[in-house]
Amino acid sequence: MHRLPDDDDWLHTERRAIGDRIRVRRLRNDLTQEQVFLAAGLARSSYQEIETGLSDAKISSLLRIARVLGAHVTDLLHD
C-alpha cells in the first residue's frame with residue numbers, strides 16, 4: 001500500500017478551507033459566531049478553532065453547525 005508523506009500542510013489547508021466555508025455561510029446568514037456556537041451547542045473556543053481551521057472538528061460538531069447554517073454538512077466539506 002502506498003503511504004502518504006508525513007506532511008501535514010495539506011491537512012491544515014483542508015481544515016482552513018472548511019472553516020472558510022463555514023464563515024462565508026455564517027456571514028451570508030447574517031449571524032455572529034456567538035449565535036452559531038450557542039445554537040449548535042458548542043463551546044465558544046471549539047467553534048472558533050473550527051472556523052479558523054486550528055483544530056479537527058468532530059462530525060457531530062460539523063453536523064450541528066451545518067444545521068444552524070441551513071446547509072448540508074457536505075456543503076461545508078467541499079466546494
Side-chain angles (χ1 to χ4, degrees):
M1 175 186 246
H2 179 67
R3 183 172 159 83
L4 295 172
D6 290 333
D7 180 8
D8 285 339
D9 286 344
W10 67 272
L11 183 59
H12 177 71
T13 300
E14 290 299 316
R15 285 194 315 235
R16 182 66 187 224
I18 291 168
D20 288 346
R21 286 189 284 276
I22 290 170
R23 183 174 34 266
V24 166
R25 285 195 172 264
R26 175 177 61 79
L27 294 173
R28 280 186 192 156
N29 288 325
D30 197 29
L31 296 170
T32 65
Q33 285 187 346
E34 184 174 23
Q35 289 171 312
V36 176
F37 74 72
L38 288 175
L42 299 173
R44 176 189 307 265
S45 60
S46 297
Y47 179 80
Q48 288 174 334
E49 288 177 1
I50 292 168
E51 193 174 285
T52 58
L54 295 177
S55 72
D56 292 332
K58 294 191 295 186
I59 190 66
S60 59
S61 297
L62 289 176
L63 287 165
R64 288 171 184 256
I65 292 167
R67 184 176 181 189
V68 170
L69 297 176
H72 192 276
V73 70
T74 57
D75 296 333
L76 305 179
L77 298 176
H78 50 86
D79 296 322

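Please read all numbers here as calculations on a predicted model, not as lab measurements.
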Residues which pass side chain to side chain contact (heavy atoms under 4.5 Å, CB included) with Val73, listed by chain and number, not counting sequence neighbours = Ile59, Leu62, Leu63, Ala66
task = Output all residues satisfying side chain to side chain donor-acceptor pair (under 3.5 Å) with His12, sequence neighbours left out; order by chain, then residue number.
result = none
note = Separation between CD1 (Ile50) and CD1 (Ile22), nearest 0.5 Å, reads 6.5 Å
Distance-only check: which donor-acceptor pairs under 3.5 Å involve side-chain atoms of residues 30-37, not counting sequence neighbours?
{"unit_1": "Thr32", "atom_1": "OG1", "unit_2": "Glu34", "atom_2": "N", "d": "3.4"}
{"unit_1": "Thr32", "atom_1": "OG1", "unit_2": "Gln35", "atom_2": "N", "d": "3.0"}
{"unit_1": "Thr32", "atom_1": "OG1", "unit_2": "Gln35", "atom_2": "OE1", "d": "3.4"}
{"unit_1": "Gln33", "atom_1": "OE1", "unit_2": "Gln48", "atom_2": "NE2", "d": "3.3"}
{"unit_1": "Gln33", "atom_1": "NE2", "unit_2": "Glu51", "atom_2": "OE2", "d": "2.8"}
{"unit_1": "Gln35", "atom_1": "OE1", "unit_2": "Thr32", "atom_2": "N", "d": "2.7"}

key: From OG1 (Thr52) to CG (Asp20), nearest 0.5 Å   = 9.5 Å
inquiry  = Using the rule that Ile, Leu, Val, Met, Phe, Trp and Tyr join whenever any side-chain heavy atoms are under 4.5 Å apart, tell me whether Ile65 and Leu77 fall into a single cluster.
reply    = yes
ask   = Can you list every pair that meets salt bridge (Lys or Arg N to Asp or Glu O under 4.0 Å) and has a residue in residues 68-79, with sequence neighbours left out?
value = Arg21-Asp79, Arg25-Asp75
Output side-chain donor-acceptor pairs under 3.5 Å for residues 38-46, partner residues at least two apart or in another chain, one line each.
none

key: Set of residues satisfying salt bridge (Lys or Arg N to Asp or Glu O under 4.0 Å) with respect to Arg64, sequence neighbours excluded   = none
request  = Could you list the residues that satisfy side chain to side chain contact (heavy atoms under 4.5 Å, CB included) with Leu27, not counting sequence neighbours?
outcome  = Arg23
request  = Just grab all the side chain to side chain donor-acceptor pair (under 3.5 Å) pairs involving residues 53-63, residues at least two apart or on different chains.
outcome  = Arg15-Asp56
